[in-house]
Amino acid sequence: MRSSDRVQNLPPYLFAEIERRVAARRAAGVDIISLGIGDPDLPTPAHVVEALGAGVADAATHQYPSNRGELGFREAVAGYYGRRFGVELDVESEIVPLLGAKEGVAHICMTLLDPGDVCLAADPGYPVYTTGPLLSDAVAVPVPLVARLGFQPDLEAIGRAVLSKARMIFVCYPNNPTGAVIEDDFFTRLVAFARAHDLVVVHDNAYGDITFDGYVAPSFLETPGAREVGVELFSLSKSYNMTGWRAGAIVGNKDVVDAYWRLKTNVDSGMFGAVQRAAVAALDGPQDCVHDMCAIYQRRRDLLVEALGAIGLKATAPKGTIYLWVPVPEGHTSASFTEQVLNQADVIVSPGAAYGPSGEGYVRFSLTVPDARLEEAVHRIAARVRL
Ligand SMILES: Cc1ncc(COP(=O)(O)O)c(C=O)c1O
């Protein structure tokens, strides 16, 4: 069998490779501590699980859902955006459910890009920002996130030739993998930039509620003019520990949302109705579960920053996400350090270069294991890896 050039040209998906290696070593009896993939270890809140159960028991959810989503789901997303960000969304035209933000990242490329078009992709960034364009026969151009600019892109440094072909830009704050957050007028500048160059901004808001130290992350859509130039990919995965449930939404510019919906009617048949009802329970229900979870991540963040610092690995405490973005010791590349940590300490971290060329020189640690495992991971690195 010969797969398409499109599929053959895909690089191996980072986490699929990591999962394969973890499985192989675990099968051989090795106790691996995985700080690689960002998959929360904490359970989905009980009231959300109960809502799913009630939804499953109702035969009305057993038939094909609609790709527009149940009105109740769209109202819950709109209610959340209103309460959380002060953003009013029209439930008829500005919200379509996603089977997770990842689905949105891949399919927005097919929605907006023609062969040869350029997609500007935050670098380092979620790997699908570059493979999504590839699957649309388009070209992903990495836009470096600059450490001295707080891991924002230098929009002025993007060349004219690239801009003339660019149709969209992916950004994400709170940022995976750097943990950077927006505390200045970046979104305002991004709206002006998108207007000037006729670009669609796709803001990936997968970590909007995972923040620390009192910082509250904005939605891109709060920015004046944002709705004219962009959409946001919203996800319940991280906020409510629902990575397995596949629940999110694309919200914002109605032309983009409508085009997205048209594409989607030919790709899948929507989100399981019971999952939509569970999502309503998450969004409409008590939010103390989110705050409690952030407190746990913040404690783990502090523990890991301190423990890594004590062995000479300088991590800055991020104000958001479930990751630490850590410069590798001198003499290492991100890949060589990752290999050494895996082979000698049985700890998995993610090599920064896997998130784009600008990720070279860093590794990413996930905060998705209990305190004792984080301590054990650092203990093993200190004892077994030459730093
Ligand atoms: C930046 C970013 N976007 C999107 C996703 C995918 O989220 P979802 O589970 O909603 O598909 C992730 C998952 O880790 C992510 O880190």
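Side-chain atoms are counted along with the backbone in the values below, which use heavy atoms only and exclude waters and symmetry mates. Both ligands and their constituent atoms are indexed starting at 1 by order of listing.
- Among pairs with a residue in residues 157-190, those fulfilling ring pair (Phe, Tyr, Trp, His ring centres under 6.0 Å) read Y129-F170, Y173-F186, F187-H203, F187-F220, at least two apart in sequence or across chains.
- Salt-bridge formation is not detected for the pair K165/D114: no Lys NZ or Arg NE/NH1/NH2 atom is positioned less than 4.0 Å from an Asp or Glu carboxylate oxygen.
- For Y362, the side-chain hydrogen bond (donor to acceptor under 3.5 Å, both in side chains) test picks out no residue, with sequence neighbours left out.
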Under 3.5 Å, N/O to N/O: give me all the pairs between ligand 1 and the protein, one per line with atom names and distance.
| residue | atom | partner | partner atom | Å |
| --- | --- | --- | --- | --- |
| ligand 1 | 3 (N) | D204 | OD1 | 3.3 |
| ligand 1 | 3 (N) | D204 | OD2 | 2.5 |
| ligand 1 | 9 (O) | S237 | OG | 2.6 |
| ligand 1 | 9 (O) | R246 | NH1 | 3.0 |
| ligand 1 | 10 (O) | A101 | N | 2.7 |
| ligand 1 | 10 (O) | S235 | OG | 2.6 |
| ligand 1 | 10 (O) | S237 | OG | 3.2 |
| ligand 1 | 11 (O) | A101 | N | 3.0 |
| ligand 1 | 11 (O) | K102 | N | 2.8 |
| ligand 1 | 11 (O) | R246 | NH2 | 2.6 |
| ligand 1 | 14 (O) | Y207 | OH | 3.2 |
| ligand 1 | 14 (O) | K238 | NZ | 2.6 |
| ligand 1 | 16 (O) | N176 | ND2 | 2.7 |
| ligand 1 | 16 (O) | Y207 | OH | 2.5 |

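- A salt bridge does not link D268 with R246: none of the charged nitrogens is closer than 4.0 Å to a carboxylate oxygen.
- Within the 4.5 Å cutoff, no side-chain heavy atoms of L52 are placed close to those of R277.
- Every pair passing ring pair (Phe, Tyr, Trp, His ring centres under 6.0 Å) that includes a residue from residues 54-80 is listed here, sequence neighbours excluded: Y80-F85, Y80-F234.
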